[in-house]
Amino acid sequence: AAVSRSKSVVKDCIAIDLGATHTVIMHKKGSETPDFISLPEICLKYDSVYLVPTLLSNETNAIGAEVREENPLTNIKQMLLDRNPQGRAYMERFFKTLCKHLKKTTSSGGWFSMASRSLTDVVYLSAPVGFQSYKRAMREMARKHIRGAEIELIEEPLAAAVGYQVVEEKDKIVLIVDFGGSTLNTMIVRVNMKEVHVVAKPERAQILGGHDIDRWLAEYLAEKAGLTVDS
């Protein structure tokens, strides 16, 4: 796989990194520097970074920071990775609502007209290594709710290698370890100023992530405090 800078520059694109715990959206126009997209009603802000908590209300279609109930739906990404039928339905609700907020915000921001054919030229979606059923589901959802745009999926560790701009004039071999909320992705890439080549990767990411760390910490602290894990 190669990504070459010699290709024509995309006029306008949106990248969606849909994580197990948080979702980040950025917009890039031509050769300009990418900017975070702030969706005020559903975003949290940490320094200059805007994050949408990957949360879905049990009772309504509220998502992200709008969710106020005590027990919202979490782990919806992992449910979809596990091919849970409910996971597909939950993710569809989350993604559909996310797109509505995105269209509303970008329309008021002036760089998207409701009369135009599409929200953007290209939408990039990040995805774990492997998990073809997950990728098919996300591609179908994106085509359904973002009409007129080209949909491209990029594997999460490859996106990290490009995004962190570790490239130099000469070839560099980089090992990426992408530890997320529900998956552990690894990849070895060879990069230079013109292209990125995937040297090696596993068949699929491991189902291991931040939620497991949370559980291990809870079990450890419960034992130290003399409590049962259920409590």
Separation of [Y] [atom2] from [X] [atom1] (nearest 0.5 Å):
{"X": "S38", "Y": "H27", "atom1": "OG", "atom2": "NE2", "result": "14.5 Å"}
{"X": "D121", "Y": "I14", "atom1": "CG", "atom2": "CD1", "result": "9.5 Å"}
{"X": "E59", "Y": "L73", "atom1": "CD", "atom2": "CG", "result": "10.0 Å"}
{"X": "C43", "Y": "E66", "atom1": "SG", "atom2": "CD", "result": "10.5 Å"}
{"X": "L81", "Y": "S133", "atom1": "CG", "atom2": "OG", "result": "7.5 Å"}
{"X": "T97", "Y": "E92", "atom1": "OG1", "atom2": "CD", "result": "10.0 Å"}

Same apolar cluster: [X] and [Y], side chain cutoff 4.5 Å:
{"X": "L98", "Y": "V24", "result": "no"}
{"X": "L55", "Y": "I25", "result": "no"}
{"X": "L125", "Y": "L80", "result": "yes"}
{"X": "M26", "Y": "V122", "result": "no"}
{"X": "V67", "Y": "I76", "result": "no"}

Carefully, step by step, assess T21 and H211 under the rule side-chain contact (heavy atoms from CB on, under 4.5 Å).
CA-CA 9 Å; T21 52; H211 292 300; 3.9 Å; yes
One pair to check against side chain to side chain donor-acceptor pair (under 3.5 Å): D12 and T120. What are the steps and the verdict?
CA-CA 6 Å; D12 194 285; T120 186; 2.6 Å; yes
Clusters formed by hydrophobic residues whose side-chain heavy atoms approach within less than 4.5 Å: which one holds V199, and what are its other members?
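I173, L175, V177, F179, L184, I188, L208, I213, W216, L217, which link up through side-chain heavy atoms under 4.5 Å apart, make up the rest of the cluster.
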For a 4.5 angstrom cut-off between non-hydrogen side-chain atoms, does [X] reach [Y]?
{"X": "K201", "Y": "T186", "answer": "no"}
{"X": "F36", "Y": "V49", "answer": "yes"}
{"X": "P40", "Y": "T105", "answer": "yes"}
{"X": "V191", "Y": "V174", "answer": "yes"}
{"X": "Y124", "Y": "I16", "answer": "no"}
{"X": "K28", "Y": "E32", "answer": "no"}

Looking only at heavy atoms, what is the nearest atom pair of [X] and [Y], with distance?
{"X": "L153", "Y": "I151", "result": "CD1-CG2, 4.1 Å"}
{"X": "S126", "Y": "D17", "result": "OG-OD1, 2.6 Å"}
{"X": "V52", "Y": "L39", "result": "CG2-CD1, 4.3 Å"}
{"X": "M91", "Y": "L18", "result": "CE-CD2, 3.8 Å"}
{"X": "P53", "Y": "I42", "result": "CD-O, 3.5 Å"}
{"X": "A205", "Y": "P128", "result": "CB-CB, 4.2 Å"}

How would you list all residue pairs meeting side chain to side chain donor-acceptor pair (under 3.5 Å) that involve residues 173-183, not counting sequence neighbours?
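Residue pairs passing side chain to side chain donor-acceptor pair (under 3.5 Å), neighbours aside: T183-N185.
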For [Y], is there any backbone N or O sitting under 3.5 Å from a side-chain donor or acceptor partner on [X]?
{"X": "N84", "Y": "Q86", "value": "yes"}
{"X": "R93", "Y": "S57", "value": "yes"}
{"X": "E69", "Y": "N58", "value": "yes"}
{"X": "K11", "Y": "K29", "value": "no"}
{"X": "N192", "Y": "E195", "value": "yes"}

For M187 and L158, what are the C-alpha separation, side-chain angles and deciding distance, and is it a side-chain contact (heavy atoms from CB on, under 4.5 Å)?
CA-CA 7 Å; M187 185 178 285; L158 182 57; 3.9 Å; yes
Will you find, in the side chains of T23 and T54, an N or O donor that is under 3.5 Å from an N or O acceptor?
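The answer is yes; a qualifying pair exists.
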Please lay out, stage by stage, how M141 and R88 fare under the test side-chain contact (heavy atoms from CB on, under 4.5 Å).
CA-CA 10 Å; M141 290 181 210; R88 170 69 186 250; 3.4 Å; yes
Apply the salt bridge (Lys or Arg N to Asp or Glu O under 4.0 Å) test between K135 and each candidate in E152, E155, E140, E156; give the one that qualifies.
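For K135, the salt bridge (Lys or Arg N to Asp or Glu O under 4.0 Å) test succeeds with only one of E152, E155, E140, E156, which is E155.
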A quick test of your reading: do over 12 heavy atoms of other residues, nucleotides or ligands sit less than 6.0 Å from CZ of R215?
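Count over threshold, so yes.
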For atom CD of Q78, is the number of surrounding heavy atoms from other residues, nucleotides or ligands below 6.0 Å larger than 12?
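Check passes, neighbour count above 12.
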Run the numbers on K104 and K100 for side-chain contact (heavy atoms from CB on, under 4.5 Å), then give the verdict.
CA-CA 6 Å; K104 176 182 174 182; K100 285 182 177 179; over 6 Å; no
Once you measure the plane-to-plane angle for F95 and H145, does it fall in the parallel (<30°), tilted (30-60°) or perpendicular (>60°) bin?
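Judged by the thresholds at 30° and 60°, the geometry between F95 and H145 is tilted.
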